[in-house]
Amino acid sequence: MRFRGGYNLRVKGRPSAAVEVLPEPDTLYLPLWSRRFKFTEICVKEGERVKAGRVLARDPASFNVPLLAPRGGVVRLKAADGHVVLENVVVAPEEPLSEADGLPHAPDKVVRSGKARHKLLALGAWQFFSDAHTGALPDPSGQPKAVIVSTLRFEPFLARGDVQITKRLVNFTRGLEHIQSLLEYQPIYLVLPQLKSDLADRVREITRGYAWVNIIHVPPRYPFDNPALLARHLKLKHDPKEPVWAVNVDGVLAVDRALTLSRPCTVRLISLGGPAVADPKHMKTIPGYPLRKLLDGRLTDPAVRVLNGGGLTDSPFEQEQLGIGAECVGITVLPELREREFLGFMRPGADRRSYSACFLSALLPLAPLRIDTAMRGERRACVSCGFCEEVCPAGIMPHLIHKYLYRDGLEEAEAARVELCIGCGLCSFVCPSKIELRRQMLDAQAKIRELQAEEVHS
Amino acid sequence: MRMLLDLFERLHPLVGNGGKLKALKPVVEATENFFFAPATVTVDSPHVRDALDLKRFMILVAFALAPCVVASVYFFGLRVLAMILVSYAVGGAIEVLFAIVRKEEINEGFLVTGLIFPLTLPPALPLWAVGVGVAIGVVLGKELFGGTGRNLFNPALVGRCLLAIGYPALMAGSWLAAGEGLTGRLLQYVDASTVNAVTSATPLGAAKHGVFASVGDLFWGNVAGSAGETSAIAIIVGGILLVITRVANWRTVAGVLGSFALLNAVLHQAAPQTFAPVGWNLCAGGLLFGAFFMATDPVTSPVTNGGKWVYAIIIGVVTLLIRSMTGYVEGVMFAILLGNISAPLIDEIVVRLRLRRLAHEG
């Protein structure tokens, strides 16, 4: 496949391959919201003692996705706003759950592999799936057009896919087989990085016998791992009735766990990265793990911004959030802007990274590079430098769309295919005029969808 | 450093909403952000941003012009520095005035215009003419369009063009023979009072009468010409810096010089009397300066890469045709202005083609 644009931000803070198993906490703070879900339907009572794997709450708007108890403990519903708190957490030997523990009967739906799909949903494996085009949770009883299984995560400071796969190749391939058994004839695309690695060779070797697996190679550059972009390159058009499922390595491993062992999938391998982390690496943890305990003693800066995800697309943790969310893939910690540099724009700039080669760092690939939350410039009018278009992986023209939106030309922006924007954030990153291109394009997309919905209703 | 920052912090309430000096806000803000990197932090994702801003973008052009400034001071004397000073002062004052009236920020674009403009002028031009030219260029060429980023024409070229049309005799009489020897004119200040003694035809002007300066002289720069345009080597050194740092797009430079050289080579074979040899023609006049520093202005050139090629070829071809086939001695200025005015149209066509292809994507 031929890709365009993209850019790898090379600064320190990328998590190493090391995985640390975090010590068991006494108390878990499970937030009742995550990126896609709002667990509004509480299924437990105050003071109740629950086993690990018990459904604590559900999201009725997303096919009743459950929030599972990762450990046994005593439920406290009012201890923290928007959280289910589990006190006196115990690590009990895990057993497969039975229906008596809250695993309900499979609904009478005439879907192929209905039981397996129901199990995925009930055991927390389904929430690793997304619609490649919209990012939403796909209907667990629907049939996809294709499945994209990605081993990659290129966003700066996020978990690397290979870390998860290395030791669990058997589980991974078994998970792939399980996914295949959910399908009729649809292809599975396995996305591997386009570089020589023993791991990729082994994966290729193992999946050689699987006629239903199509391996595709992707250059290791952000954001070529984006599901919407991959679907577009595979010529899979967006169709709400026949979505393209996208799932990462952690999802395949969860499928294997749910369908082979019938056990709840509550362990998450997340990354802790970013320039303000002393030792960026991976962590084996569970939803609800107290954030403060996780970050304690690991940061290098007193003033930091902690992001729930990667540095280019995700947002800071909400202030009231106390524990890791159900969908967390990584945590990025950025130092806040500390001091204002004297005559900064005239300095050689050996310590700062730029897409352009306007700083001395362009000649020093190994220089220690500084990065923080500074805007690093003032908001200015677009000078048409064209950098945003160069880095755009979607092949649209952010500068043009910006000019259309500046004069309220929503229809023109639509004609310029603003909906192809995948929100990777590279345009905003490189813009020397510091224009919030990503925000403007995502807002325009939302507005267009709103108008389309109104049209359908009227 | 700390004291200066404290001073600015004490000024904040004065220029803020309801402050006594509210009108001066753009000035204080610009000065503060000139000395200290802005205090703003990201709010929306991406939470990290590229280190490049417009100040750096523009100051790099000024850095890249340094060899030209040094060469022009060497060949034409200290007065070049006075011209630069006048240009910055008058143009800067206008920029500040417009910012105050508009209640907008002072824009960095002027860092470039203020320096590039005097370098395009005959080195003995009276200082009042420099001031008039830059005022016209900044007001008509930029501020009336809404400031940097919204202008249609290169402001420096608008100023120079109107000087050339308004004061043709003055412009034509202000050429200066380049200094010779170890110190050149480094220690001289040659102005209009002495210019009659030293006025000199530019190589392109002389070539119309069949007198050709040597390519070596053109390359090093000891010939008459606009202050910054004579030394090919100084322009190339600075220009390459601009291309490498990606402030100037290589396509524009390659397109202008390539189309010029190619057409010149063909036409020189056909009509050697009318068209000078390629090497000579490339180094003579303002072609290199225009190709590296003026045609590459991102604001006034097409934004699409395809458009840049078309634009650059227009400039290269028109320069050659004006230079060799009309009564004008040099054609770069008109060619670039013509390119500027066609840029939006070129972009429109390229964008439409792109959108037609995009229409069926995804």
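Small disclaimer: the values here were computed from a predicted structure and weren't measured. Lettering of chains follows the sequences in order, A, B, ..., and the numbering in each one begins at 1.
Heavy-atom distances place no part of A/Ala362 under 4.5 Å from chain B, backbone and side chain included. Only the backbone of A/Arg379 comes within less than 4.5 Å of a heavy atom of chain B; no side-chain atom from C-beta onward does. With a 4.5 Å cut-off on non-hydrogen atoms, B/Leu4 touches chain A through its side chain but not through its backbone. Interface remark: B/Ile59 contributes side-chain atoms only to the contact with chain A (heavy atom separation under 4.5 Å). For chain B, no part of A/His238 is nearby; none of its heavy atoms comes within less than 4.5 Å. Residue contact with chain B, scored on non-hydrogen atoms closer than 4.5 Å, involves the backbone and the side chain of A/Cys385 alike. Heavy atoms of B/Arg150 lying under 4.5 Å from chain A belong exclusively to its side chain. Neither the backbone nor the side chain of A/Leu236 comes within contact range of chain B; no heavy atom of the residue lies under 4.5 Å from a heavy atom of that chain. Using a 4.5 Å cut-off between heavy atoms, A/Glu339 does not touch chain B at all. Heavy atoms closer than 4.5 Å to chain B are found in the backbone of A/Cys431, but not in its side chain. Within the 4.5 angstrom heavy-atom criterion, no atom of B/Leu241 approaches chain A. Both the backbone and the side chain of B/Leu358 come within contact range of chain A, each with at least one heavy atom under 4.5 Å from a heavy atom of that chain. With a 4.5 Å cut-off on non-hydrogen atoms, A/Leu426 does not touch chain B at all.
Here the side chains of A/Met375 and B/Val41 are not in contact, with every heavy-atom distance at 4.5 Å or above. Under the 4.5 Å side-chain criterion, counting only non-hydrogen atoms from C-beta, A/Leu334 is in contact with B/Val48. Using a 4.5 Å heavy-atom threshold, the side chains of B/Arg246 and A/Cys358 count as separate.
Between the side chains of A/Ser428 and B/Arg49, no donor-acceptor pair of N or O atoms lies under 3.5 Å. Defined by atom type and a distance below 3.5 Å, a donor-acceptor pair is missing between the side-chain atoms of A/Ser356 and B/Arg56.
Nearest heavy atoms, A/Glu389 versus B/Val303: OE1-O, 4.4 Å.
Note that OG1 of A/Thr313 and NE2 of B/His47 are 8.5 Å apart. Values are rounded to the nearest 0.5 Å. Between atom CZ of residue A/Phe359 and atom CG of residue B/Leu60 there is a gap of 7.5 Å, rounded to the nearest 0.5 Å. Rounded to the nearest 0.5 angstrom, B/Lys55 NZ and A/Glu378 CD are separated by 3.5 Å.
In this structure, B/Phe57 and A/Phe387 have perpendicular ring planes: the angle between them is above 60°, well past the 30° mark.
Ranked by heavy-atom pairs shorter than 4.5 Å toward chain A, the options B/Val351, B/Thr42, B/Val299 are led by B/Thr42. Your options are B/Met58, B/Arg354, B/Arg357, and the one with the most heavy-atom pairs under 4.5 Å with chain A is B/Arg354. If you tally non-hydrogen atom pairs under 4.5 Å between each of B/Ala62, B/Gly149, B/Pro38 and chain A, the highest count goes to B/Pro38.
Between the side chain of B/Asp50 and the backbone N or O of A/Tyr355, at least one donor-acceptor pair lies under 3.5 Å.
Salt bridge status for B/Glu104 with A/Arg380: absent, with no side-chain N to carboxylate O gap under 4.0 Å.
Judged as a salt bridge (charged side-chain N to carboxylate O under 4.0 Å, His left out), and not counting sequence neighbours, the contacts of A/Arg232 are B/Glu361.
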